[in-house]
**Q** 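Okay, handing you the structure first.
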Amino acid sequence: MASYTANCVRTGDWWAITVPELKGLFSQARRLDQVEHMAREAISLMLDVSPHSFAVVVRPEVPQEVTQAREARQTLRQAERSAEETTREAVEALVRDGYTVRDVGELLGISPQRVSQITRGGRPGRAHRPAA
């Protein structure tokens, strides 16, 4: 399946769209979420093919602040995953060493309920009770 790139730049109230693979193809969209549709429509008209017969990759030109914010959000997600893993390891170690669920929660700054979820493998619900 062919793939085309829809480069877009904000110009006034519009997104100006170019497709570098097709010389002379230009379009515009009012909103960024409309760029793919508008590019797909222009490409299909220029090539006389179905608008579903190719892929479109939208590449907006964005201010530096957007790039910085996206990178910061990615860093935050990585830190959250690391914190969750470290917390899980700490909970398991403290429980294994005989600390109460309340004490573990107090030490780690999480609720006793969250400690119980972690000790059950992160699944909310009732604690597993062995059969008598």
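Keep in mind that what you see is a predicted model, and the values were worked out from it rather than measured.
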**Q** Kindly write out the residues that satisfy side-chain hydrogen bond (donor to acceptor under 3.5 Å, both in side chains) with Thr100, not counting sequence neighbours, or none if the list is empty.
**A** Asp103

**Q** Which ring pair (Phe, Tyr, Trp, His ring centres under 6.0 Å) pairs, counting each pair once, include a residue from residues 39-64, with sequence neighbours left out?
**A** Tyr4-Phe54

**Q** Check the surroundings of atom CD in Gln64: do more than 12 heavy atoms from other residues, nucleotides or ligands lie under 6.0 Å from it?
**A** no

**Q** Can you pull the salt bridge (charged side-chain N to carboxylate O under 4.0 Å, His left out) pairs that have at least one residue in residues 40-57, sequence neighbours excluded?
**A** Glu36-Arg40

**Q** Using side chain to side chain contact (heavy atoms under 4.5 Å, CB included), reason through Leu25 and Thr18 one step at a time and then give a plain yes or no.
**A** CA-CA 6 Å; Leu25 191 141; Thr18 59; over 6 Å; no

**Q** Take a 6.0 Å sphere around CZ of Arg70 and say whether it holds more than 12 heavy atoms from other residues, nucleotides or ligands.
**A** no

**Q** Under the 4.5 Å side-chain heavy-atom rule for ILVMFWY, direct or indirect, which residues accompany Leu45?
**A** none

**Q** With a 4.5 Å heavy-atom cut-off, do Ile118 and Ile110 have their side chains touching?
**A** yes

**Q** Once salt bridge (Lys or Arg N to Asp or Glu O under 4.0 Å) is applied, do any residues pair with Arg31, and if so which ones, sequence neighbours excluded?
**A** Asp33

**Q** Please examine the side chains of Leu94 and Val115, heavy atoms only from C-beta on, and report whether any two atoms are closer than 4.5 Å.
**A** no

**Q** With sequence neighbours excluded, what pairs up with Glu65 under the side-chain hydrogen bond (donor to acceptor under 3.5 Å, both in side chains) test?
**A** none

**Q** Please report the interatomic distance CE(Met38) to CD(Gln28), rounded to the nearest 0.5 Å.
**A** 7.5 Å

**Q** For the side chain of Ser53 and the backbone of Ser50, is there at least one donor-acceptor N/O pair under 3.5 Å apart?
**A** yes

**Q** Name all pairs fulfilling the ring pair (Phe, Tyr, Trp, His ring centres under 6.0 Å) condition that reach into residues 58-106, sequence neighbours left out, sorted by first residue then second.
**A** none

**Q** Decide if atom CZ of Arg73 counts as having more than 12 heavy atoms of other residues, nucleotides or ligands within a radius under 6.0 Å.
**A** no

**Q** What pairs meet the ring pair (Phe, Tyr, Trp, His ring centres under 6.0 Å) rule with one or both residues in residues 15-48, with sequence neighbours excluded?
**A** none

**Q** Which atom names give the shortest non-hydrogen contact between Ala55 and Met1, and what distance separates them?
**A** N-SD, 3.8 Å

**Q** Determine whether Met46 and Val49 fall in the same hydrophobic cluster, where Ile, Leu, Val, Met, Phe, Trp and Tyr are linked whenever their side-chain heavy atoms lie under 4.5 Å apart.
**A** yes

**Q** Side chains of Arg77 and Gln74: do they bring a donor and an acceptor to under 3.5 Å?
**A** yes

**Q** Which residues satisfy the side-chain hydrogen bond (donor to acceptor under 3.5 Å, both in side chains) test with Glu89, sequence neighbours excluded?
**A** none

**Q** Side chains of Ile43 and Pro51, heavy atoms from C-beta outward: is any pair under 4.5 Å?
**A** no

**Q** Which residues pass the side-chain hydrogen bond (donor to acceptor under 3.5 Å, both in side chains) test with Gln34, sequence neighbours left out?
**A** none

**Q** Between Arg114 and Glu84, does the salt bridge (Lys or Arg N to Asp or Glu O under 4.0 Å) criterion hold? Intermediate values first, please.
**A** CA-CA 11 Å; Arg114 182 64 187 131; Glu84 282 296 320; 3.3 Å; yes

**Q** Group every Ile, Leu, Val, Met, Phe, Trp and Tyr by side-chain heavy-atom contacts under 4.5 Å, then state whether Leu107 and Val101 land in the same group.
**A** yes

**Q** Restricting to non-hydrogen atoms, name the atom on Glu21 and the atom on Ser3 that form the minimum distance, rounded to 0.1 Å.
**A** OE2-O, 4.1 Å

**Q** Between Val95 and Val104, does a side chain to side chain contact (heavy atoms under 4.5 Å, CB included) hold up when you go through it step by step?
**A** CA-CA 7 Å; Val95 168; Val104 172; 4.2 Å; yes

**Q** Which pair of non-hydrogen atoms, one from Val56 and one from Ala39, has the smallest distance, and what is that distance?
**A** CG1-CB, 4.2 Å

**Q** Who else is in Val66's hydrophobic cluster (ILVMFWY, side-chain heavy atoms under 4.5 Å, direct or via others)?
**A** Val62

**Q** Please identify each residue that fulfils side chain to side chain contact (heavy atoms under 4.5 Å, CB included) with Glu92, with sequence neighbours left out.
**A** Arg88, Arg96

**Q** With a 4.5 Å heavy-atom cut-off, do Cys8 and Val58 have their side chains touching?
**A** yes

**Q** In Å, rounded to the nearest 0.5 Å, how long is the span from OG1 of Thr87 to CG of Leu108?
**A** 6.0 Å

